[in-house]
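Any value given below was found using the heavy atoms of this structure, including those in side chains, with hydrogens, waters and symmetry copies removed. Fair warning: this is a prediction, and the values are worked out from it, not measured in the lab. Quick note on labels: first sequence line is chain A, next is B, and so on, each numbered from 1.
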There are 2 protein chains.
Amino acid sequence: MKELTGIIMIAGSSPSTTNIRYLSNFPPPDPFLFMKTAEQNYLVVSSMEKGRAQKESKPGTIVLSVKDLSLRQASRRKQGAWALALLRKLKMTRVKVPADFPAAVFQILEKKGIKVTVLGKSPCPERSVKSKEEIACLRESQRAAVAGMKKAIRLIAAASIDSKMQLRIGKELLTSEIVRRAVHATLIEHDCIGMDTIIAGGDHAVDCHNKGHGPLYAGQAIVMDIFPRSEKHGYWGDITRTVCRGPASPELKKLYNTVKAAQQGALRMVKPGISGDEIHKGIQALFEKRGYKTGCTDGKNEGFTHGTGHGVGLNIHELPGIGTVKNRLEPGNVVTIEPGLYYFGLGGVRIEDTVVVTEKGWKYLAPCEKTFEL
Amino acid sequence: MKELTGIIMIAGSSPSTTNIRYLSNFPPPDPFLFMKTAEQNYLVVSSMEKGRAQKESKPGTIVLSVKDLSLRQASRRKQGAWALALLRKLKMTRVKVPADFPAAVFQILEKKGIKVTVLGKSPCPERSVKSKEEIACLRESQRAAVAGMKKAIRLIAAASIDSKMQLRIGKELLTSEIVRRAVHATLIEHDCIGMDTIIAGGDHAVDCHNKGHGPLYAGQAIVMDIFPRSEKHGYWGDITRTVCRGPASPELKKLYNTVKAAQQGALRMVKPGISGDEIHKGIQALFEKRGYKTGCTDGKNEGFTHGTGHGVGLNIHELPGIGTVKNRLEPGNVVTIEPGLYYFGLGGVRIEDTVVVTEKGWKYLAPCEKTFEL
């Protein structure tokens with residue numbers, strides 16, 4: 001994926017964009033302004049941040065504090081004033097900004113005669129192709145995810161089943177919360193943070209963004225989706241496994257095997273040149289053929305209710321998507337492949353791996369066994 | 001703080017704003033659109049999210065999926081199209097948006113003849129006054145922060161000192177990383193997440209956003225700033241203590257005692273009606289009087305290099321700020337009081353508590369001892 005050319009400006013605060021970290025190497029904790037031109041990168045930060053920004057940002061980045069922009073005290077807190085001062089200092093009259101650029105800054109620049117073009121696409125399309133260094137970071141986070149998954153699987157496998165079919169460790173009920181906590185503690189040993197980890201049994205897993213809560217039961221499918229972010233470098237890992245403590249019903253086993261086959265089929269399709277939507281359509285067709293319908297009944301979505309995958313990098317969801325949109329895969333893409341099927345009453349199954357697209361096909365970032373019945 | 005009136009629209013994706021969670025009770029993981037009018041709240045989410053949004057959002061919120069807005073397939077991924085469709089459906093021609101509203105959506109609405117006013121202030125000023133329920137949530141997160149702090153203090157107090165003045169637990173060096181991991185593991189027991197926790201010894205602490213790394217030493221000031229976010233409800237806690245294993249030099253002890261006195265003095269000033277900048281100026285004056293200068297030498301900031309405090313809620317930094325800006329405190333504000341002094345060679349000291357402003361003064365959210373030499 002080629003870099004965008006032209007003068008590109010990004011403004012915001014740290015949680016709202018990781019492009020700044022990608023482009024400058026510097027994760028700013030406070031409001032910031034970043035500008036990229038053909039020759040030079042500029043980073044505007046608070047006076048307090050200047051020293052650290054100079055130390056940590058990519059070589060060749062010109063770091064300016066609000067003081068360097070000769071702003072009056074009243075304007076020092078206004079990103080719009082920063083942006084205007086920077087453009088005027090550099091005698092620039094036009095700039096491209098991403099779709100999520102703050103409206104307040106956009107409006108000020110336009111009012112002051114700057115020609116602002118709002119980009120329809122990411123300001124950093126090159127992010128979708130990872131460098132060797134980035135892949136090493138992603139592998140580290142994926143290994144943490146696998147370690148977390150193994151911990152969760154061991155915990156559920158070790159559980160006993162009481163007369164109400166509830167899982168127990170010793171006398172204590174084994175809940176989604178307890179498994180989640182054990183996963184997060186494992187991630188911390190790898191200096192990764194787990195957030196919104198899904199440990200969802202039965203119908204909890206059918207509502208795709210339900211994290212799961214309360215007791216876990218034998219015979220139910222338990223979807224476990226673990227996506228740690230490294231505290232060291234900010235890259236994510238992503239893995240999902242579905243397990244069942246004790247024997248599963250024939251219907252549930254069939255559901256699991258269908259999703260497993262779909263995931264393997266999708267992985268076989270992964271290679272440079274194929275478009276994400278071809279892979280996604282392939283899985284949709286396979287599910288349909290095997291009688292698993294997708295649709296909305298009584299306001300409830302069932303079947304294959306989400307995309308097949310997404311890129312992973314400094315964001316947990318980034319380009320290229322593997323869904324309904326055309327996105328040709330390239331070597332160096334890092335993507336998840338995660339088909340799933342969800343039906344109320346029966347349960348949900350999702351299996352997800354994160355892989356790197358190679359010249360000839362793909363490789364796991366970090367392998368992890370797939371076992372359903374524990 | 002009064003609510004803003006008029007039609008207010010918020011758009012974005014989950015990390016970029018917590019106002020949506022505040023106003024609708026629903027933390028959307030995907031792009032969303034929220035609109036608040038005098039009569040009604042509207043929430044637009046993806047089809048997959050609709051069921052959960054209806055279940056979890058505040059009573060009276062009208063939840064619409066992109067399908068309900070009769071958008072063509074091509075427009076379903078575009079927030080601008082969502083926003084325009086919603087406004088047209090409700091026959092509205094003007095709307096207020098926050099400063100960080102996406103420029104792409106702003107531009108589309110303006111082009112289609114909607115009068116868009118960009119707000120200079122927060123779209124949810126009422127957030128700065130916390131309800132009883134919110135204070136209970138904040139107290140829970142603050143208790144987690146205190147538990148994490150006690151763990152860190154125990155670990156450092158238990159360390160032995162080797163011939164190079166390095167701290168050790170058994171034979172292993174005690175590093176910032178090890179203390180941070182122990183803190184994060186403790187936070188997880190409280191279903192809280194620790195991110196960017198600062199465990200910074202010596203000069204690491206002088207660069208205010210340096211998290212700290214490597215071995216910790218006896219005789220140095222170790223600044224520990226712990227700010228957990230609850231996985232359950234999203235509210236944050238925030239606490240800082242500074243400790244020293246073994247005896248501190250007289251200069252360092254004086255630095256500590258000065259910051260401690262400043263923090264106590266600032267706390268004594270906290271009450272309804274006082275403005276944040278009065279408290280901040282009070283601390284600045286006290287430091288100056290005691291000979292602790294603030295300024296920039298050779299591009300390095302030293303002294304009292306940051307604000308005195310900030311509001312805490314669904315964001316770790318929110319209104320009211322306690323710094324250079326006028327912000328009158330009200331009962332129900334939850335704020336940190338965290339003066340600090342930082343000098344290269346000597347080290348840094350910061351002491352921070354999070355307190356709730358009451359009718360008569362203030363209360364700790366959760367108390368925690370202050371001991372310097374361990």
Return the option, out of [options], with the maximum number of heavy-atom pairs under 4.5 Å with chain B.
{"options": "Arg180(A), Glu110(A), His184(A)", "answer": "His184(A)"}
{"options": "Asp191(A), Val116(A), Leu187(A)", "answer": "Asp191(A)"}
{"options": "Thr324(A), Asp196(A), Asp207(A), Val325(A)", "answer": "Asp207(A)"}

Practice item. Mind checking the NZ-CG spacing from Lys111(B) to Leu84(B)? Nearest 0.5 Å is all I need. Key: 12.5 Å

Practice item. Kindly compute the distance separating CG (Leu109(B)) from CZ (Phe101(B)), expressed to the nearest 0.5 Å. Key: 5.5 Å

Point to revise | Top of Ala104(B), Ala103(B), Gly80(B) for chain A proximity - count of heavy-atom pairs under 4.5 angstrom | key: Ala103(B)

Practice item. Quick one: which of Lys55(B), His213(B), Glu189(B), Glu177(B) has the most heavy-atom pairs under 4.5 Å with chain A, could you say? Key: Glu189(B)

Study note, to complete from the structure: Contacts of Asp225(A) meeting side-chain hydrogen bond (donor to acceptor under 3.5 Å, both in side chains) (sequence neighbours excluded), chain-then-number -> Thr240(A), Arg350(A)

Exercise for review: Check the side chains of His190(B) and Glu140(B) for a donor-acceptor pair under 3.5 angstrom, ignoring hydrogens and angles.
Suggested key: no

Review point. What part of Ile193(B) is in contact with chain A, defined as an atom under 4.5 angstrom from a non-hydrogen atom: side chain, backbone, both or neither?
Key: side chain

Exercise for review: Measure the shortest side-chain to side-chain distance between Val183(A) and Thr186(A) over non-hydrogen atoms and say whether it is less than 4.5 angstrom.
Suggested key: no

